[in-house]
2 protein chains.
Amino acid sequence: MPPIKPSPLLARAIDICKANNVRFTAVRQQVFTLMAEHKGAITAYELLEQLQAFDSKAKPPTIYRALEFLLENHFIHRIESLNSYLMCCHLGCEHAMQLLICNKCKKVIELSDPVIDEAFSEKASQFGFKITNKVLEAHGICETCLYN
Amino acid sequence: MPPIKPSPLLARAIDICKANNVRFTAVRQQVFTLMAEHKGAITAYELLEQLQAFDSKAKPPTIYRALEFLLENHFIHRIESLNSYLMCCHLGCEHAMQLLICNKCKKVIELSDPVIDEAFSEKASQFGFKITNKVLEAHGICETCLYN
DNA sequence: CTACTATTGCTATGCTATTATATTGATTCT
DNA sequence: AGAATCAATATAATAGCATAGCAATAGTAG
């Protein structure tokens, strides 16, 4: 694997990994960088194809392991309704999350609204249900596409 | 295909289809009935296996077409985060929906809370985003499982 | 009856994700 | 440094989810 293209974002991620004492290996950094450069959602196999430009022997487990690592460390999000993945705009911190996914331009707006989050948790607690994980994804048309 | 097992739910669905002037064919009724009898989420291939007991030549497209029909007519929901399907407890009417999915017993509580729904729509509109479809799914532990 | 449309049958294939096993590489301990 | 240990990667195979395309058939309308 050739050296990874440096970037401020990557540098921050390296710091976070150092602080958390986890190994941010070459494959992981390369996948991180590919995700960071890709605006919007990307599928595992699209990512794999891109990774193979740097590492021709990369196989599905290569990419899925890297994605798993990035998810665990809160560097990326998984979009359930698209079977795809997205750079997290809060790099490395856990937080309430909602997504607005544009059907037309495919861009994704990442929200972190406590009102929506708590409304759901509150409602669940009325049923004695303890939420461990929320999937809050909306599809529609973004402002830009609406006027184009 | 043998005759479909009658049930009050099926009878209501038949009425709705008649009213909407759509064809509720034998395969569709059979899949409807299988879904109705199955409490909780079920995958397309699990359903296919069950359908094959009645219709040995059923293939994946058979089940996916039936599911598509049932989705369009609001008889079932798709659970994005599980790649599976669920009987709708409001048979035939469109409505706001949120799901509470128990990781342990796999039961699903279907909510229809306008507060959560509107909080999300409201937030989106602040970004000029027009939502066409929401995916609101929470995973966790239900009350029953919590005390067992 | 004929023409039209919706539905079904069938084959193949594509996309998404994981399992299992072997191997390599990093870290720790003595 | 050498041995033991644990984390990460390579590789092949396969499981699981979903759709495309086309031919055949059944239902509906004129």
Side-chain angles (χ1 to χ4, degrees), chain A residues 1-2 4 13-14 17-18 20-32 34-35 38 41-52 54-73 75-86 106 135 137, chain B residues 1-2 4 13-14 17-18 20-32 34-35 38 41-52 54-73 75-86 106 135 137:
Chain A
M1 177 100 71
I4 318 300
I14 290 174
C17 288
K18 206 162 283 173
N20 294 345
N21 199 32
V22 293
R23 287 166 56 190
F24 200 18
T25 63
V27 190
R28 291 166 179 179
Q29 290 191 24
Q30 185 61 70
V31 173
F32 176 93
L34 290 171
M35 295 243 14
H38 186 92
I42 187 168
T43 71
Y45 276 69
E46 283 167 359
L47 210 44
L48 176 57
E49 198 178 339
Q50 294 190 16
L51 179 61
Q52 285 169 338
F54 298 91
D55 176 3
S56 62
K57 61 192 180 318
K59 297 279 183 316
T62 316
I63 208 76
Y64 280 102
R65 283 183 199 126
L67 288 171
E68 188 184 5
F69 174 87
L70 297 174
L71 284 167
E72 277 170 356
N73 289 277
F75 291 158
I76 63 172
H77 299 293
R78 176 174 157 79
I79 307 180
E80 295 293 341
S81 57
L82 294 178
N83 292 328
S84 61
Y85 303 84
L86 177 73
K106 308 298 172 190
V135 176
E137 302 170 3
Chain B
M1 178 99 72
I4 318 301
I14 289 173
C17 288
K18 206 162 284 174
N20 295 344
N21 199 32
V22 292
R23 285 165 58 190
F24 200 18
T25 62
V27 190
R28 292 166 176 178
Q29 289 192 24
Q30 185 62 69
V31 174
F32 177 93
L34 290 171
M35 295 246 10
H38 185 91
I42 186 167
T43 71
Y45 276 69
E46 283 167 0
L47 209 45
L48 176 57
E49 199 178 339
Q50 294 189 18
L51 180 61
Q52 284 169 339
F54 298 91
D55 176 2
S56 62
K57 63 192 178 318
K59 297 280 183 315
T62 315
I63 209 76
Y64 281 102
R65 283 176 190 143
L67 288 170
E68 188 184 4
F69 174 87
L70 298 174
L71 284 167
E72 277 169 356
N73 289 278
F75 291 159
I76 63 172
H77 299 293
R78 174 174 159 80
I79 308 181
E80 294 294 340
S81 57
L82 294 179
N83 293 327
S84 59
Y85 302 84
L86 177 72
K106 308 297 173 191
V135 176
E137 302 170 3

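Residue numbering restarts at 1 for every chain, and letters A, B, ... go by the order of the sequence lines.
- Between the CZ atom of B:F24 and the P atom of C:dT8 there is a distance of 11 Å, rounded to whole Å.
- Summarising the local packing, CD of A:E49 is surrounded by 12 or fewer heavy atoms from other residues, nucleotides or ligands at distances under 6.0 Å.
- Atom NZ of B:K59 is separated from atom C1' of C:dT13 by 15 Å (rounded to the nearest Å).
- In this structure, A:L70 places its CG atom 13 Å from P of D:dA8, rounding to the nearest Å.
- Between the OH atom of B:Y45 and the P atom of D:dT14 there is a distance of 17 Å, rounded to whole Å.
- Following rounding to the nearest Å, B:E68 (CD) and C:dT7 (P) show an atom-to-atom distance of 10 Å.
- Here the side chains of B:I42 and B:S84 are not in contact, with every heavy-atom distance at 4.5 Å or above.
- Side-chain nitrogen and oxygen atoms of A:R65 include none within less than 4.0 Å of the OP1 or OP2 phosphate oxygen of D:dA7.
- Counting non-hydrogen atoms under 4.0 angstrom, B:F69 reaches nothing in the nucleic acid.
- Checked against C:dG9, D:dT9, C:dA17, the side chain of A:T25 finds its nearest nucleotide in D:dT9.
- Here B:F24 and B:F32 bring their ring centres to under 6.0 angstrom of each other.
- A straight line from CG of A:N73 to P of D:dA8 spans 10 Å, rounded to a whole angstrom.
- Listed nucleotides: D:dA7, C:dC10, D:dA18. Nearest to the side chain of B:K57: C:dC10.
- Closest approach of A:R78 and A:L71 over heavy atoms only: N-CD2, 3.6 Å.
- The nearest whole Å value for the distance from the CG atom in B:L67 to the P atom in D:dA18 is 9 Å.
- The CD1-C1' distance, from A:I63 to D:dT11, rounds to 16 Å in whole Å.
- In this structure, B:V22 and B:P61 both approach DNA chain C, and ranking their closest nucleotides by distance from the 5' end singles out B:V22.
- Applying the 4.0 Å criterion to OP1 and OP2 of C:dA17, one finds that A:R78 has a side-chain N or O inside that range.
- Annotation: of the two residues near DNA chain D, B:N21 and B:T43, the 5′-most nearest-nucleotide partner is B:T43.
- A 4.5 Å side-chain heavy-atom check between B:V31 and B:T62 finds every atom pair outside the cut-off.
- Put simply, B:Y64 has a side-chain N or O that comes within less than 4.0 Å of OP1 or OP2 on D:dA18.
- Relative to the side chain of B:R28, the nucleotides C:dT18, C:dT7, C:dT16 differ in distance, and C:dT7 lies closest.
- The residue among B:N83 and B:A26 whose nearest nucleotide of DNA chain C is located toward the 5' end is B:A26.
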